[in-house]
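All values reported here derive from a predicted model rather than from experimental measurement. The chains referred to below are lettered A, B, ... by the order of the sequence lines, with proteins before strands, and numbering in each begins at 1.
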There are 2 protein chains.
Amino acid sequence: MRPARGGGGGTKGEALRDQEHGQEHGQEHDREPVHGHEREPRRGRPRSEAAERAILQAVVRLLEEGEPLAGLSIERIARTAGVGKATIYRRWSDKEELFMDVLRHIEPPEPPLSGTSGLADIFASLESMRRRGLAQRNSALLYNVFAQMKTHPKLWGAYQSTVIEPRRVAVTAAVRRAVAAGELRADIDAELIEELFVGPMLLRTIHRKEAPLDDDLPERIIRAVLEGLRPGDGKTGDTAADPAAGTGR
Amino acid sequence: MRPARGGGGGTKGEALRDQEHGQEHGQEHDREPVHGHEREPRRGRPRSEAAERAILQAVVRLLEEGEPLAGLSIERIARTAGVGKATIYRRWSDKEELFMDVLRHIEPPEPPLSGTSGLADIFASLESMRRRGLAQRNSALLYNVFAQMKTHPKLWGAYQSTVIEPRRVAVTAAVRRAVAAGELRADIDAELIEELFVGPMLLRTIHRKEAPLDDDLPERIIRAVLEGLRPGDGKTGDTAADPAAGTGR
DNA sequence: GTATTTCAATACGATACCGTCTCGTATTGT
DNA sequence: ACAATACGAGACGGTATCGTATTGAAATAC
(Lines give C-alpha, C1' and ligand atoms only; values in the text may rest on other atoms or scores of the structure.)
Protein backbone atom coordinates (compact mmCIF):
# COMPACT_ATOMS: atom_id res chain seq x y z
CA MET A 1 0.00 0.00 0.00
CA ARG A 2 2.56 2.52 1.06
CA PRO A 3 4.41 3.66 -2.03
CA ALA A 4 8.04 3.03 -1.34
CA ARG A 5 9.89 5.04 1.23
CA GLY A 6 9.73 4.94 4.99
CA GLY A 7 11.93 2.02 5.88
CA GLY A 8 10.24 1.43 9.23
CA GLY A 9 7.42 -0.92 9.84
CA GLY A 10 3.80 -0.40 9.04
CA THR A 11 2.36 -0.84 12.47
CA LYS A 12 5.28 0.00 14.67
CA GLY A 13 7.08 2.60 12.64
CA GLU A 14 6.33 5.13 15.35
CA ALA A 15 9.75 4.77 16.87
CA LEU A 16 11.28 6.42 13.85
CA ARG A 17 9.05 9.41 13.88
CA ASP A 18 10.96 11.14 16.65
CA GLN A 19 14.15 11.08 14.69
CA GLU A 20 12.45 12.18 11.58
CA HIS A 21 10.75 14.94 13.48
CA GLY A 22 13.89 16.03 15.27
CA GLN A 23 15.67 16.46 12.00
CA GLU A 24 14.43 20.04 12.02
CA HIS A 25 13.23 22.01 9.08
CA GLY A 26 14.80 19.99 6.31
CA GLN A 27 12.46 21.34 3.71
CA GLU A 28 13.01 21.21 0.03
CA HIS A 29 15.00 18.02 -0.07
CA ASP A 30 12.62 16.14 2.13
CA ARG A 31 9.73 16.03 -0.26
CA GLU A 32 7.78 12.85 -0.43
CA PRO A 33 8.30 11.30 -3.83
CA VAL A 34 4.82 11.73 -5.18
CA HIS A 35 5.15 9.52 -8.17
CA GLY A 36 7.35 8.36 -10.99
CA HIS A 37 11.04 7.83 -10.51
CA GLU A 38 12.21 9.97 -7.66
CA ARG A 39 15.28 12.07 -8.10
CA GLU A 40 18.10 11.67 -5.61
CA PRO A 41 17.72 8.99 -2.94
CA ARG A 42 20.47 10.96 -1.36
CA ARG A 43 21.50 9.02 1.65
CA GLY A 44 22.21 5.32 2.03
CA ARG A 45 22.93 2.72 -0.54
CA PRO A 46 21.37 3.69 -3.83
CA ARG A 47 18.87 1.47 -5.49
CA SER A 48 20.38 -1.00 -7.85
CA GLU A 49 19.63 -0.35 -11.48
CA ALA A 50 20.55 -3.94 -12.11
CA ALA A 51 17.87 -5.18 -9.74
CA GLU A 52 15.29 -3.03 -11.45
CA ARG A 53 16.25 -4.38 -14.84
CA ALA A 54 16.28 -7.92 -13.52
CA ILE A 55 12.76 -7.53 -12.20
CA LEU A 56 11.33 -6.11 -15.39
CA GLN A 57 13.12 -8.70 -17.46
CA ALA A 58 11.87 -11.47 -15.23
CA VAL A 59 8.30 -10.39 -15.87
CA VAL A 60 8.99 -10.23 -19.56
CA ARG A 61 10.60 -13.64 -19.54
CA LEU A 62 7.76 -15.26 -17.67
CA LEU A 63 5.20 -13.76 -19.98
CA GLU A 64 7.24 -14.87 -22.94
CA GLU A 65 7.09 -18.39 -21.62
CA GLY A 66 3.34 -18.18 -21.93
CA GLU A 67 2.57 -17.57 -18.32
CA PRO A 68 -0.80 -15.87 -17.93
CA LEU A 69 -0.79 -12.54 -16.20
CA ALA A 70 -2.65 -13.94 -13.24
CA GLY A 71 0.02 -16.58 -12.85
CA LEU A 72 2.65 -14.04 -12.02
CA SER A 73 3.01 -13.73 -8.29
CA ILE A 74 5.40 -11.33 -6.69
CA GLU A 75 7.17 -14.28 -5.19
CA ARG A 76 7.67 -15.93 -8.53
CA ILE A 77 8.89 -12.75 -10.12
CA ALA A 78 11.33 -12.25 -7.28
CA ARG A 79 12.54 -15.82 -7.56
CA THR A 80 12.99 -15.54 -11.31
CA ALA A 81 14.77 -12.23 -11.04
CA GLY A 82 16.98 -13.45 -8.23
CA VAL A 83 15.80 -10.66 -6.05
CA GLY A 84 14.19 -10.29 -2.66
CA LYS A 85 10.51 -9.60 -2.53
CA ALA A 86 11.15 -6.46 -0.57
CA THR A 87 13.15 -5.12 -3.47
CA ILE A 88 10.02 -5.30 -5.55
CA TYR A 89 7.73 -3.90 -2.92
CA ARG A 90 10.17 -1.08 -2.41
CA ARG A 91 9.64 0.09 -5.99
CA TRP A 92 6.08 -0.83 -6.82
CA SER A 93 3.23 -0.83 -4.41
CA ASP A 94 1.10 -2.93 -6.61
CA LYS A 95 1.34 -5.68 -9.16
CA GLU A 96 -0.50 -3.49 -11.61
CA GLU A 97 1.97 -0.66 -11.13
CA LEU A 98 4.72 -3.06 -12.02
CA PHE A 99 2.88 -4.28 -15.08
CA MET A 100 2.34 -0.71 -16.18
CA ASP A 101 6.08 -0.21 -16.22
CA VAL A 102 6.56 -3.44 -18.11
CA LEU A 103 4.02 -2.32 -20.62
CA ARG A 104 5.87 0.92 -21.13
CA HIS A 105 9.03 -1.04 -21.79
CA ILE A 106 7.63 -3.39 -24.40
CA GLU A 107 5.23 -1.16 -26.26
CA PRO A 108 7.16 1.61 -27.89
CA PRO A 109 4.90 4.51 -28.75
CA GLU A 110 3.54 4.68 -32.23
CA PRO A 111 5.83 6.65 -34.55
CA PRO A 112 4.21 9.91 -35.53
CA LEU A 113 2.65 10.08 -38.95
CA SER A 114 4.52 11.94 -41.58
CA GLY A 115 1.72 14.36 -42.16
CA THR A 116 2.33 14.71 -45.84
CA SER A 117 -0.59 13.09 -47.59
CA GLY A 118 -3.69 12.00 -45.71
CA LEU A 119 -4.05 8.79 -47.66
CA ALA A 120 -0.38 8.01 -47.24
CA ASP A 121 -0.71 8.41 -43.50
CA ILE A 122 -3.68 6.12 -43.40
CA PHE A 123 -1.70 3.57 -45.28
CA ALA A 124 1.25 4.00 -42.96
CA SER A 125 -0.98 3.45 -39.98
CA LEU A 126 -2.46 0.26 -41.35
CA GLU A 127 0.99 -0.99 -42.14
CA SER A 128 2.04 -0.22 -38.61
CA MET A 129 -0.92 -2.20 -37.33
CA ARG A 130 0.04 -5.07 -39.55
CA ARG A 131 3.54 -5.12 -38.17
CA ARG A 132 2.26 -4.95 -34.63
CA GLY A 133 -0.01 -7.87 -35.41
CA LEU A 134 2.84 -9.90 -36.78
CA ALA A 135 4.88 -9.13 -33.70
CA GLN A 136 2.05 -10.32 -31.51
CA ARG A 137 1.89 -13.62 -33.31
CA ASN A 138 5.56 -14.25 -32.83
CA SER A 139 5.63 -13.16 -29.26
CA ALA A 140 3.72 -15.00 -26.60
CA LEU A 141 4.44 -11.99 -24.48
CA LEU A 142 2.56 -9.47 -26.53
CA TYR A 143 -0.21 -11.90 -27.24
CA ASN A 144 -0.67 -12.74 -23.60
CA VAL A 145 -0.50 -9.22 -22.36
CA PHE A 146 -2.93 -8.06 -24.95
CA ALA A 147 -5.31 -10.92 -24.33
CA GLN A 148 -5.40 -10.35 -20.63
CA MET A 149 -5.37 -6.63 -20.61
CA LYS A 150 -9.08 -6.19 -20.42
CA THR A 151 -9.05 -8.09 -17.18
CA HIS A 152 -7.08 -5.35 -15.51
CA PRO A 153 -8.81 -2.03 -15.98
CA LYS A 154 -5.71 -0.04 -15.16
CA LEU A 155 -3.64 -1.85 -17.75
CA TRP A 156 -6.37 -1.70 -20.32
CA GLY A 157 -6.79 1.98 -19.66
CA ALA A 158 -3.10 2.54 -20.09
CA TYR A 159 -3.00 0.65 -23.37
CA GLN A 160 -6.12 2.40 -24.54
CA SER A 161 -4.72 5.82 -23.84
CA THR A 162 -1.17 5.20 -25.04
CA VAL A 163 -1.84 3.12 -28.13
CA ILE A 164 -5.42 2.91 -29.25
CA GLU A 165 -6.66 6.43 -28.67
CA PRO A 166 -3.63 8.17 -30.16
CA ARG A 167 -3.92 6.02 -33.24
CA ARG A 168 -7.60 6.69 -33.55
CA VAL A 169 -7.01 10.40 -33.26
CA ALA A 170 -4.10 10.34 -35.66
CA VAL A 171 -5.90 8.32 -38.30
CA THR A 172 -9.03 10.42 -37.97
CA ALA A 173 -6.91 13.51 -38.47
CA ALA A 174 -5.34 11.91 -41.51
CA VAL A 175 -8.82 11.20 -42.82
CA ARG A 176 -9.78 14.83 -42.38
CA ARG A 177 -6.68 15.92 -44.25
CA ALA A 178 -7.47 13.49 -47.01
CA VAL A 179 -11.00 14.82 -47.21
CA ALA A 180 -9.73 18.36 -47.35
CA ALA A 181 -7.33 17.40 -50.10
CA GLY A 182 -10.13 15.87 -52.10
CA GLU A 183 -8.81 12.35 -51.69
CA LEU A 184 -11.88 11.19 -49.83
CA ARG A 185 -15.56 11.95 -49.93
CA ALA A 186 -16.60 14.80 -47.72
CA ASP A 187 -20.13 13.61 -47.10
CA ILE A 188 -19.29 10.80 -44.71
CA ASP A 189 -18.42 11.20 -41.08
CA ALA A 190 -14.66 11.18 -40.62
CA GLU A 191 -14.94 8.86 -37.66
CA LEU A 192 -16.85 6.34 -39.70
CA ILE A 193 -14.31 6.54 -42.46
CA GLU A 194 -11.57 5.89 -39.98
CA GLU A 195 -13.41 2.81 -38.82
CA LEU A 196 -13.91 1.55 -42.33
CA PHE A 197 -10.17 1.53 -42.81
CA VAL A 198 -9.02 0.40 -39.39
CA GLY A 199 -11.78 -2.12 -38.68
CA PRO A 200 -10.88 -4.70 -41.32
CA MET A 201 -7.22 -4.47 -40.41
CA LEU A 202 -8.00 -4.99 -36.77
CA LEU A 203 -10.21 -7.92 -37.56
CA ARG A 204 -7.30 -9.68 -39.16
CA THR A 205 -4.69 -8.80 -36.61
CA ILE A 206 -6.63 -9.45 -33.44
CA HIS A 207 -9.61 -11.59 -34.10
CA ARG A 208 -8.38 -14.04 -36.67
CA LYS A 209 -5.02 -14.95 -35.45
CA GLU A 210 -4.72 -17.83 -37.86
CA ALA A 211 -5.32 -15.72 -40.96
CA PRO A 212 -2.30 -14.51 -42.90
CA LEU A 213 -1.10 -10.96 -42.69
CA ASP A 214 0.13 -10.50 -46.21
CA ASP A 215 2.10 -7.40 -46.83
CA ASP A 216 -0.30 -6.19 -49.47
CA LEU A 217 -3.23 -6.33 -47.08
CA PRO A 218 -3.26 -2.64 -46.19
CA GLU A 219 -3.14 -1.75 -49.83
CA ARG A 220 -5.96 -4.12 -50.71
CA ILE A 221 -8.14 -2.81 -47.93
CA ILE A 222 -7.59 0.80 -48.89
CA ARG A 223 -8.14 0.11 -52.53
CA ALA A 224 -11.37 -1.79 -51.96
CA VAL A 225 -12.77 0.73 -49.53
CA LEU A 226 -11.91 3.54 -51.86
CA GLU A 227 -13.46 1.99 -54.90
CA GLY A 228 -16.48 0.58 -53.14
CA LEU A 229 -18.02 -2.80 -53.56
CA ARG A 230 -20.81 -1.89 -55.85
CA PRO A 231 -20.50 -3.81 -59.07
CA GLY A 232 -20.27 -2.12 -62.41
CA ASP A 233 -16.57 -2.08 -63.16
CA GLY A 234 -16.11 1.13 -61.26
CA LYS A 235 -18.39 3.06 -63.51
CA THR A 236 -21.08 2.93 -60.87
CA GLY A 237 -24.17 3.24 -62.89
CA ASP A 238 -26.92 3.35 -60.31
CA THR A 239 -25.81 5.73 -57.63
CA ALA A 240 -29.37 6.65 -56.87
CA ALA A 241 -30.23 3.19 -55.60
CA ASP A 242 -30.43 2.86 -51.84
CA PRO A 243 -27.52 0.73 -50.69
CA ALA A 244 -29.60 -0.56 -47.80
CA ALA A 245 -32.50 -1.39 -50.03
CA GLY A 246 -33.80 -4.87 -49.56
CA THR A 247 -31.97 -5.19 -46.31
CA GLY A 248 -35.11 -5.25 -44.30
CA ARG A 249 -34.97 -1.78 -42.86
CA MET B 1 -10.30 -35.84 -13.86
CA ARG B 2 -12.75 -38.69 -13.88
CA PRO B 3 -15.90 -37.44 -15.55
CA ALA B 4 -18.72 -37.98 -13.12
CA ARG B 5 -19.70 -41.43 -12.05
CA GLY B 6 -18.00 -43.84 -9.75
CA GLY B 7 -18.92 -42.69 -6.27
CA GLY B 8 -15.89 -44.37 -4.76
CA GLY B 9 -12.57 -42.74 -4.05
CA GLY B 10 -9.90 -41.77 -6.50
CA THR B 11 -6.92 -43.54 -5.05
CA LYS B 12 -8.60 -46.36 -3.22
CA GLY B 13 -11.50 -47.11 -5.52
CA GLU B 14 -10.07 -50.58 -6.01
CA ALA B 15 -12.36 -52.07 -3.41
CA LEU B 16 -15.29 -51.50 -5.71
CA ARG B 17 -13.79 -53.26 -8.65
CA ASP B 18 -14.65 -56.72 -7.40
CA GLN B 19 -18.30 -55.91 -7.16
CA GLU B 20 -18.27 -54.22 -10.49
CA HIS B 21 -16.49 -57.14 -11.98
CA GLY B 22 -18.71 -59.72 -10.36
CA GLN B 23 -21.76 -58.03 -11.78
CA GLU B 24 -21.35 -60.20 -14.86
CA HIS B 25 -22.13 -59.23 -18.39
CA GLY B 26 -24.25 -56.16 -17.75
CA GLN B 27 -23.64 -54.74 -21.18
CA GLU B 28 -25.68 -52.18 -22.96
CA HIS B 29 -26.95 -50.28 -19.95
CA ASP B 30 -23.58 -50.06 -18.29
CA ARG B 31 -21.95 -47.75 -20.72
CA GLU B 32 -19.69 -45.10 -19.36
CA PRO B 33 -21.26 -41.72 -19.92
CA VAL B 34 -18.91 -40.44 -22.55
CA HIS B 35 -20.11 -36.92 -22.69
CA GLY B 36 -23.12 -34.64 -22.55
CA HIS B 37 -26.01 -35.26 -20.25
CA GLU B 38 -26.34 -38.94 -19.66
CA ARG B 39 -29.67 -40.60 -20.01
CA GLU B 40 -31.03 -42.58 -17.07
CA PRO B 41 -29.10 -42.51 -13.80
CA ARG B 42 -31.15 -45.56 -13.06
CA ARG B 43 -30.46 -46.38 -9.49
CA GLY B 44 -30.15 -44.10 -6.47
CA ARG B 45 -31.28 -40.58 -5.89
CA PRO B 46 -31.32 -38.69 -9.12
CA ARG B 47 -29.26 -35.58 -9.53
CA SER B 48 -30.98 -32.45 -8.49
CA GLU B 49 -31.91 -30.18 -11.36
CA ALA B 50 -32.22 -27.43 -8.79
CA ALA B 51 -28.63 -27.86 -7.68
CA GLU B 52 -27.44 -27.71 -11.27
CA ARG B 53 -29.37 -24.53 -11.88
CA ALA B 54 -28.11 -23.04 -8.63
CA ILE B 55 -24.51 -23.70 -9.60
CA LEU B 56 -24.81 -22.22 -13.06
CA GLN B 57 -26.69 -19.23 -11.74
CA ALA B 58 -24.10 -18.72 -9.04
CA VAL B 59 -21.40 -18.46 -11.67
CA VAL B 60 -23.53 -16.07 -13.65
CA ARG B 61 -24.24 -13.98 -10.59
CA LEU B 62 -20.61 -13.74 -9.57
CA LEU B 63 -19.57 -12.75 -13.07
CA GLU B 64 -22.34 -10.21 -13.17
CA GLU B 65 -20.94 -8.68 -10.02
CA GLY B 66 -17.76 -8.05 -11.95
CA GLU B 67 -15.76 -10.88 -10.55
CA PRO B 68 -12.95 -11.81 -12.92
CA LEU B 69 -12.96 -15.35 -14.20
CA ALA B 70 -9.83 -16.19 -12.27
CA GLY B 71 -11.53 -15.03 -9.09
CA LEU B 72 -14.07 -17.79 -9.26
CA SER B 73 -12.96 -20.68 -7.12
CA ILE B 74 -14.94 -23.85 -6.83
CA GLU B 75 -15.32 -23.14 -3.17
CA ARG B 76 -16.75 -19.73 -3.79
CA ILE B 77 -19.13 -20.98 -6.41
CA ALA B 78 -20.28 -23.71 -4.08
CA ARG B 79 -20.72 -21.26 -1.23
CA THR B 80 -22.66 -18.84 -3.43
CA ALA B 81 -24.84 -21.59 -4.81
CA GLY B 82 -25.44 -23.06 -1.41
CA VAL B 83 -24.10 -26.35 -2.56
CA GLY B 84 -21.42 -28.77 -1.52
CA LYS B 85 -18.21 -28.79 -3.44
CA ALA B 86 -18.68 -32.44 -4.25
CA THR B 87 -21.91 -31.60 -6.01
CA ILE B 88 -19.89 -29.52 -8.42
CA TYR B 89 -17.09 -32.00 -8.86
CA ARG B 90 -19.68 -34.68 -9.46
CA ARG B 91 -20.82 -32.85 -12.60
CA TRP B 92 -17.78 -31.09 -13.93
CA SER B 93 -14.26 -32.36 -13.71
CA ASP B 94 -12.82 -29.02 -14.39
CA LYS B 95 -13.46 -25.35 -13.89
CA GLU B 96 -13.26 -24.88 -17.62
CA GLU B 97 -15.84 -27.56 -18.26
CA LEU B 98 -18.18 -25.68 -15.98
CA PHE B 99 -17.51 -22.42 -17.73
CA MET B 100 -18.17 -24.03 -21.06
CA ASP B 101 -21.63 -24.94 -19.87
CA VAL B 102 -22.17 -21.45 -18.56
CA LEU B 103 -21.11 -20.08 -21.88
CA ARG B 104 -23.61 -22.29 -23.64
CA HIS B 105 -26.32 -20.94 -21.38
CA ILE B 106 -25.64 -17.28 -21.92
CA GLU B 107 -24.65 -17.22 -25.57
CA PRO B 108 -27.57 -18.43 -27.63
CA PRO B 109 -26.46 -19.56 -31.04
CA GLU B 110 -26.70 -17.10 -33.84
CA PRO B 111 -30.04 -17.29 -35.64
CA PRO B 112 -29.60 -18.66 -39.12
CA LEU B 113 -29.63 -16.18 -41.94
CA SER B 114 -32.72 -15.99 -44.05
CA GLY B 115 -30.87 -16.82 -47.21
CA THR B 116 -33.00 -14.63 -49.41
CA SER B 117 -30.82 -11.76 -50.50
CA GLY B 118 -27.09 -11.77 -49.92
CA LEU B 119 -26.98 -8.10 -49.01
CA ALA B 120 -29.95 -8.48 -46.71
CA ASP B 121 -28.20 -11.29 -44.89
CA ILE B 122 -25.08 -9.23 -44.49
CA PHE B 123 -27.17 -6.48 -43.04
CA ALA B 124 -28.92 -8.89 -40.71
CA SER B 125 -25.62 -10.17 -39.48
CA LEU B 126 -24.27 -6.72 -38.74
CA GLU B 127 -27.46 -5.90 -36.93
CA SER B 128 -27.09 -9.06 -34.89
CA MET B 129 -23.56 -8.02 -34.00
CA ARG B 130 -24.81 -4.63 -32.97
CA ARG B 131 -27.34 -6.17 -30.64
CA ARG B 132 -24.76 -8.48 -29.18
CA GLY B 133 -22.53 -5.48 -28.59
CA LEU B 134 -25.29 -3.61 -26.83
CA ALA B 135 -25.97 -6.61 -24.65
CA GLN B 136 -22.30 -6.77 -23.71
CA ARG B 137 -22.31 -3.16 -22.63
CA ASN B 138 -25.25 -3.66 -20.34
CA SER B 139 -24.01 -6.88 -18.88
CA ALA B 140 -20.87 -7.08 -16.85
CA LEU B 141 -21.17 -10.78 -17.33
CA LEU B 142 -20.83 -10.83 -21.07
CA TYR B 143 -18.19 -8.18 -20.99
CA ASN B 144 -16.13 -10.03 -18.46
CA VAL B 145 -16.45 -13.38 -20.06
CA PHE B 146 -15.56 -12.03 -23.42
CA ALA B 147 -12.66 -10.03 -22.07
CA GLN B 148 -11.16 -12.98 -20.29
CA MET B 149 -11.88 -15.61 -22.80
CA LYS B 150 -8.57 -15.41 -24.57
CA THR B 151 -6.91 -16.35 -21.34
CA HIS B 152 -8.53 -19.75 -21.38
CA PRO B 153 -7.81 -21.48 -24.65
CA LYS B 154 -10.63 -23.95 -24.26
CA LEU B 155 -13.19 -21.23 -23.70
CA TRP B 156 -11.82 -19.11 -26.47
CA GLY B 157 -11.86 -22.07 -28.76
CA ALA B 158 -15.45 -22.80 -27.89
CA TYR B 159 -16.51 -19.24 -28.52
CA GLN B 160 -14.51 -19.13 -31.69
CA SER B 161 -16.12 -22.26 -33.04
CA THR B 162 -19.65 -21.60 -31.87
CA VAL B 163 -19.94 -17.88 -32.57
CA ILE B 164 -17.14 -16.37 -34.57
CA GLU B 165 -16.44 -19.03 -37.15
CA PRO B 166 -20.07 -19.76 -38.00
CA ARG B 167 -20.67 -16.08 -38.48
CA ARG B 168 -17.63 -15.70 -40.64
CA VAL B 169 -18.70 -18.61 -42.77
CA ALA B 170 -22.30 -17.42 -42.95
CA VAL B 171 -21.40 -13.89 -43.90
CA THR B 172 -18.86 -15.04 -46.41
CA ALA B 173 -21.50 -17.24 -47.97
CA ALA B 174 -23.87 -14.30 -48.04
CA VAL B 175 -21.17 -12.28 -49.76
CA ARG B 176 -20.79 -14.97 -52.40
CA ARG B 177 -24.51 -14.99 -52.97
CA ALA B 178 -24.53 -11.24 -53.27
CA VAL B 179 -21.68 -11.42 -55.77
CA ALA B 180 -23.51 -14.04 -57.77
CA ALA B 181 -26.63 -11.89 -57.74
CA GLY B 182 -24.67 -8.95 -59.05
CA GLU B 183 -25.04 -6.98 -55.83
CA LEU B 184 -21.32 -6.92 -55.19
CA ARG B 185 -18.21 -6.73 -57.29
CA ALA B 186 -16.88 -10.06 -58.38
CA ASP B 187 -13.26 -9.02 -58.66
CA ILE B 188 -12.53 -8.85 -54.95
CA ASP B 189 -11.85 -11.78 -52.70
CA ALA B 190 -15.03 -12.76 -50.85
CA GLU B 191 -13.14 -13.11 -47.59
CA LEU B 192 -11.82 -9.61 -47.88
CA ILE B 193 -15.28 -8.30 -48.60
CA GLU B 194 -16.58 -10.02 -45.54
CA GLU B 195 -13.90 -8.33 -43.50
CA LEU B 196 -14.69 -4.94 -44.93
CA PHE B 197 -18.23 -5.27 -43.66
CA VAL B 198 -17.64 -7.04 -40.37
CA GLY B 199 -14.45 -5.26 -39.36
CA PRO B 200 -15.86 -1.79 -38.78
CA MET B 201 -18.79 -3.23 -36.88
CA LEU B 202 -16.50 -5.22 -34.68
CA LEU B 203 -14.32 -2.22 -34.05
CA ARG B 204 -17.27 -0.39 -32.60
CA THR B 205 -18.70 -3.22 -30.59
CA ILE B 206 -15.57 -4.61 -29.07
CA HIS B 207 -12.77 -2.16 -29.19
CA ARG B 208 -14.47 1.13 -28.54
CA LYS B 209 -16.81 0.34 -25.79
CA GLU B 210 -17.56 3.98 -25.13
CA ALA B 211 -18.68 4.75 -28.67
CA PRO B 212 -22.39 4.72 -29.41
CA LEU B 213 -24.02 1.85 -31.24
CA ASP B 214 -26.67 3.75 -33.14
CA ASP B 215 -29.24 1.65 -34.84
CA ASP B 216 -28.40 3.04 -38.23
CA LEU B 217 -24.77 2.00 -37.91
CA PRO B 218 -25.04 -1.22 -39.94
CA GLU B 219 -26.80 0.66 -42.69
CA ARG B 220 -24.23 3.43 -42.74
CA ILE B 221 -21.36 0.97 -42.88
CA ILE B 222 -22.90 -1.00 -45.70
CA ARG B 223 -23.78 2.10 -47.64
CA ALA B 224 -20.33 3.59 -47.31
CA VAL B 225 -18.53 0.39 -48.17
CA LEU B 226 -20.78 -0.13 -51.15
CA GLU B 227 -20.37 3.32 -52.52
CA GLY B 228 -16.71 3.64 -51.77
CA LEU B 229 -14.90 6.57 -50.33
CA ARG B 230 -13.50 8.05 -53.47
CA PRO B 231 -14.83 11.53 -53.90
CA GLY B 232 -16.84 12.55 -56.90
CA ASP B 233 -20.41 12.38 -55.72
CA GLY B 234 -20.69 8.71 -56.55
CA LYS B 235 -20.09 9.33 -60.19
CA THR B 236 -16.58 8.07 -59.75
CA GLY B 237 -14.79 9.93 -62.43
CA ASP B 238 -11.28 8.60 -62.20
CA THR B 239 -11.50 4.87 -61.84
CA ALA B 240 -8.22 4.44 -63.59
CA ALA B 241 -6.24 6.09 -60.84
CA ASP B 242 -4.39 3.71 -58.56
CA PRO B 243 -6.06 3.76 -55.16
CA ALA B 244 -2.79 3.06 -53.44
CA ALA B 245 -1.02 5.79 -55.34
CA GLY B 246 0.86 8.15 -53.10
CA THR B 247 0.74 5.72 -50.27
CA GLY B 248 4.41 5.07 -50.39
CA ARG B 249 4.32 1.61 -51.88
C1' DG C 1 33.69 6.43 10.89
C1' DT C 2 29.07 6.54 11.43
C1' DA C 3 24.40 6.78 9.98
C1' DT C 4 21.57 5.45 6.52
C1' DT C 5 19.72 2.82 3.00
C1' DT C 6 19.49 -1.07 -0.09
C1' DC C 7 20.66 -5.69 -1.03
C1' DA C 8 19.24 -11.08 -1.23
C1' DA C 9 17.37 -14.32 1.54
C1' DT C 10 14.20 -16.08 4.26
C1' DA C 11 11.04 -16.59 8.30
C1' DC C 12 6.48 -15.45 9.57
C1' DG C 13 1.34 -15.54 10.30
C1' DA C 14 -2.72 -15.07 7.46
C1' DT C 15 -5.55 -16.38 3.98
C1' DA C 16 -7.44 -18.85 0.14
C1' DC C 17 -7.96 -22.66 -2.59
C1' DC C 18 -7.44 -27.37 -4.16
C1' DG C 19 -9.46 -32.09 -4.56
C1' DT C 20 -10.71 -35.95 -1.61
C1' DC C 21 -13.18 -37.87 1.92
C1' DT C 22 -16.60 -38.43 5.59
C1' DC C 23 -20.89 -37.53 7.86
C1' DG C 24 -25.76 -37.81 8.38
C1' DT C 25 -29.75 -37.26 5.62
C1' DA C 26 -32.79 -37.54 1.55
C1' DT C 27 -34.59 -39.74 -2.49
C1' DT C 28 -34.95 -43.06 -5.74
C1' DG C 29 -35.21 -48.21 -7.96
C1' DT C 30 -35.89 -53.10 -6.85
C1' DA D 1 -36.72 -53.27 3.54
C1' DC D 2 -32.50 -52.47 1.12
C1' DA D 3 -29.01 -50.94 -1.97
C1' DA D 4 -27.52 -47.18 -4.48
C1' DT D 5 -26.85 -42.63 -5.30
C1' DA D 6 -27.16 -37.53 -4.39
C1' DC D 7 -27.46 -33.95 -1.18
C1' DG D 8 -25.28 -29.95 1.98
C1' DA D 9 -21.71 -29.30 5.05
C1' DG D 10 -17.35 -29.24 6.13
C1' DA D 11 -12.88 -31.62 7.88
C1' DC D 12 -8.50 -32.66 6.00
C1' DG D 13 -3.67 -32.25 4.36
C1' DG D 14 -1.36 -29.74 0.76
C1' DT D 15 0.15 -25.87 -1.68
C1' DA D 16 0.62 -21.13 -2.93
C1' DT D 17 0.52 -16.48 -2.24
C1' DC D 18 0.26 -12.32 0.37
C1' DG D 19 2.66 -8.36 2.71
C1' DT D 20 5.70 -7.57 6.72
C1' DA D 21 9.78 -8.25 9.36
C1' DT D 22 14.52 -9.66 10.29
C1' DT D 23 19.26 -10.58 9.27
C1' DG D 24 24.00 -9.73 7.91
C1' DA D 25 26.45 -7.83 4.10
C1' DA D 26 27.30 -3.99 0.93
C1' DA D 27 27.18 0.71 -0.68
C1' DT D 28 26.80 5.43 -0.13
C1' DA D 29 26.52 10.31 2.18
C1' DC D 30 28.11 13.16 5.78
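Contact annotation: Thr87(A) side-chain N/O to dA8(C) OP1/OP2 distance is under 4.0 Å. Between Arg47(B) and dA6(D) there is a side-chain polar atom (N or O) within less than 4.0 angstrom of OP1 or OP2.
Of the listed nucleotides (dT20(C), dT17(D), dC18(D)), dT17(D) has the atom at the smallest distance from the side chain of Arg79(A). Of all nucleotides listed (dC18(C), dT25(C), dA9(D)), dC18(C) comes nearest to the side chain of Ile74(B). With distances taken from any side-chain atom of Arg45(B) to the nucleotides dA25(D), dG19(D), dT25(C), the minimum falls on dT25(C). Comparing dA8(C), dA25(D), dC17(C) by their closest approach to the side chain of Ser73(B) singles out dC17(C). Taking the side chain of Arg43(B) as heavy atoms from C-beta on, and the options dA27(D), dT6(C), dA4(D), the nearest nucleotide is dA4(D).
Distance Ile55(A) CD1 to dT6(C) P: 13 Å, rounded to the nearest Å. Look at CD1 on Ile77(A): it is 8 Å from P on dC18(D), rounded to the nearest Å. Regarding Lys85(B), its NZ atom lies at a distance of 15 Å from the C1' atom of dC23(C), rounded to whole Å. Atom C1' of nucleotide dG19(D) and atom CD of Glu96(A) are separated by 17 Å, given to the nearest angstrom. Going from atom CZ of Arg90(A) over to atom P of dA21(D) covers 13 Å, rounded to whole Å. Rounded to whole Å, the distance from CZ on Arg76(B) to P on dC17(C) is 7 Å. Here dA6(D) presents its P atom at 18 Å from CZ of Arg53(B), a figure rounded to the nearest Å. Note: CD1 (Ile88(A)) to C1' (dT20(D)) measures 15 Å, nearest angstrom.
A salt bridge is absent between Glu64(A) and Arg61(A): the closest approach of a Lys/Arg side-chain nitrogen to an acidic carboxylate oxygen does not fall below 4.0 angstrom. Between Arg204(A) and Glu195(B), at least one side-chain N (NZ, or NE/NH1/NH2) sits under 4.0 Å from a carboxylate O, which counts as a salt bridge. By the 4.0 Å N-to-carboxylate-O rule, Glu75(A) lies close enough to Lys85(A) to be salt-bridged with it.
Across every non-hydrogen atom of Ala81(A) and Ala58(A), the tightest pair is CB-CB, 3.7 Å.
Both Gly71(A) and Gly84(B) sit near DNA chain D, but only Gly84(B) has its closest nucleotide nearer the 5' end. For Ala78(A) and Glu75(A), each mapped to the nucleotide of DNA chain C holding its nearest heavy atom, the one lying further toward the 5' end belongs to Ala78(A). Between Lys95(A) and Val83(B), it is Val83(B) whose nearest contact on DNA chain D lies nearer the 5' terminus.
Leu103(B) pairs with exactly one of Leu98(B), Thr162(B), Leu155(B), Val163(B) by the side-chain contact (heavy atoms from CB on, under 4.5 Å) rule, that one being Leu155(B).
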